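Each remark here refers to the structure printed beneath this line.
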2 protein chains.
Amino acid sequence: MNIRPVIEYLQGLQVQTCKALEAADGEARFIEDAWQRAEGGGGITCMLRGGQVFEQAGVGFSHVFGEQLPPSASQLRPELAGARFQATGLSTVIHPLNPYVPTVHCNVRFFMASRDGQDPVWWFGGGFDLTPYYGFHEDAVDWHRTARKACDAIDASLYPVFKKNCDEYFFIRHRSEARGIGGLFFDDYNSGEFEQDFRLLKSVGEHFLEAYLPIVERRRDHPFGDRERRFQLYRRGRYVEFNLVYDRGTLFGLQSGGRTESILMSLPPQVHFDYDWHPEPGSPEEALYKEFLPARDWLAS
Amino acid sequence: MNIRPVIEYLQGLQVQTCKALEAADGEARFIEDAWQRAEGGGGITCMLRGGQVFEQAGVGFSHVFGEQLPPSASQLRPELAGARFQATGLSTVIHPLNPYVPTVHCNVRFFMASRDGQDPVWWFGGGFDLTPYYGFHEDAVDWHRTARKACDAIDASLYPVFKKNCDEYFFIRHRSEARGIGGLFFDDYNSGEFEQDFRLLKSVGEHFLEAYLPIVERRRDHPFGDRERRFQLYRRGRYVEFNLVYDRGTLFGLQSGGRTESILMSLPPQVHFDYDWHPEPGSPEEALYKEFLPARDWLAS
């Protein structure tokens, strides 16, 4: 296997993603920052801020390499601790302005690690997950239907596994609460067939906006006021808690000497933390906790 | 040694601290929440919000015990991993409204751990540290002078050690940036004399407001506008980053099944994250980074 075609694919996907998000926003434009990593590699971070639809959208590409695989990347494969590595990935995190439009995250990535005199080890990872503030049954079902479609294009056995992984991974343990309504998550994925696994990555990358943009269109003009905005800012606090306490990508980035501003572009632009806040019984805010966050099979017929 | 007098002292200090902060605010009042921990123990969290001086102030007492010391508490003493333990502490975190008034944190704590058939191991920890948004030389010197006084009451050799510990501990590695201008920090402290070490704890507990409140008085009526408020909200993001990524007290609390709302009362009520923001050259915001955050000896004559 060869990392070069993966890098080229991710760079193309970054350009496409930014174009599609600019078109959906209709107003704001991405700025582009290229950065270098002292130990090897670098990346390009694209940020859009203050849009009419997207309060902030970050689309970050990176390709880093080095002589010492950081611990957060070798948790699942301790035999690789300290091995020579290359990693490339594309991360997108979108924080919309309207609280009826969900926050979304997509990441696709590829790792290669090798020790002298041994065959290189490689794997893919990725997925996408949705974090609504106000839940809509229709959106949740459509989101998961497209997620399943992305997997079924490769192998019909994948969706249930990746869906479960996602529910388990994006879980805020100290709250006993899911970050959102899930989607797909896979890591350390190597079927033995590089070309097929690369197709899986592409399928996930390509179905992401196909899953998200129709939801944006449906909810972007939904009227909202202070109450909904406050709830959105409050719930964004959970996003911060998950990303800084648990997220392996964030920890890998910070530990491996990545560019801090690019790693933390996932954090929402404005956040409230409100001590011991609880939604009113019977409110739409409570419905998020009761009906949407608990893990369930959205495609059960 | 006996944990009971420490618990009684900390509970009294909590009451005193809340009274003094209410008097300083002049308007807002603390609410009090008692909580129980399923595995043993509990606490009392006092929160003041929406004051004229303090946007939020949390004063949290806890006494927890259990059969398995969590890993975050045994990092420095791996031989105690999984031992029976008791821990008690009082934490205060204040986020003022006026950006010219610094954020402040104080913690005092006591741990005991024992394995069957062995003598119990015990230690004290604590300290206080200041996080200004706009730096004032006079405030920094007064703060450290009172910190030194708190230590000198016990032993003149302590301040330089605890000051250095504090600079090292409250350091945001992924930013190569201090959280604030430091103060005191000690952990795993046991001189062999329980009574003397307990006196040190009391001295730190008692000098905290003596160090902080004069600064509040001096800066509370300093006029400010949107620019200063925005900078304060932005800098509060660093507080969030430190507390969720590095703070051992936070991790210990979350890992040991403490009450999440009480542990995370340290997080500021409102926060901005602003991608790749930099202060203007020559501005007072830049002065914070250049003159106040880099570790230095504020008491050098």
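What you see is a predicted model, and the numbers here were worked out from it, not measured in a lab. For the numbers below, each heavy atom of this structure counts, side chains included, while hydrogens, waters and symmetry mates do not. Proteins get letters first, then strands, A, B, ... in listed order; numbering begins at 1 in each.
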Query raised in the report: Ile31(A) versus chain B, heavy atoms under 4.5 Å apart: side chain, backbone, both or neither?
Result: side chain
Report summary line: Closest heavy-atom pair, Tyr234(B) versus Glu261(A), reported as atoms and distance to 0.1 Å, is OH-OE2, 4.4 Å
Query raised in the report: Would you say Thr260(B)'s side chain and His174(A)'s backbone share a donor-acceptor pair under 3.5 angstrom?
Result: yes
Requested in this report: With a 4.5 angstrom heavy-atom cut-off, could you sort out which part of Leu233(A) is near chain B: side chain, backbone, both or neither?
Outcome: neither
Requested in this report: Against chain A, work out which of Pro269(B), Gly237(B), Gly258(B) has the most heavy-atom pairs shorter than 4.5 Å and name it.
Outcome: Pro269(B)
Requested in this report: Assess whether atom CZ of Arg230(B) is packed by more than 12 heavy atoms of other residues, nucleotides or ligands within 6.0 Å.
Outcome: no
Report summary line: Nearest heavy-atom contact between Met265(B) and Tyr275(A) is CB-CD1, 4.3 Å
Query raised in the report: Any side-chain heavy atom of Val271(B) sitting closer than 4.5 Å to one from Arg236(A)?
Result: no
Report task. Give the member of Asp274(B), Thr250(B), Thr45(B) that has the highest number of heavy-atom pairs under 4.5 Å with chain A. Result -> Thr45(B)
Report task. Examine whether an atom of Arg259(A) lies under 4.5 Å from a heavy atom of chain B, and if so say whether it belongs to the side chain, the backbone or both; otherwise answer neither. Result -> side chain
Report summary line: Shortest non-hydrogen pair, Leu244(A) vs Val245(B), comes out as O-CG2, 3.7 Å
Query raised in the report: Is it the backbone or the side chain of Ile263(B) that comes under 4.5 Å from a heavy atom of chain A, or both, or neither?
Result: neither
Query raised in the report: Do the side chains of Arg173(B) and Leu254(A) get nearer than 4.5 Å, heavy atoms only?
Result: no
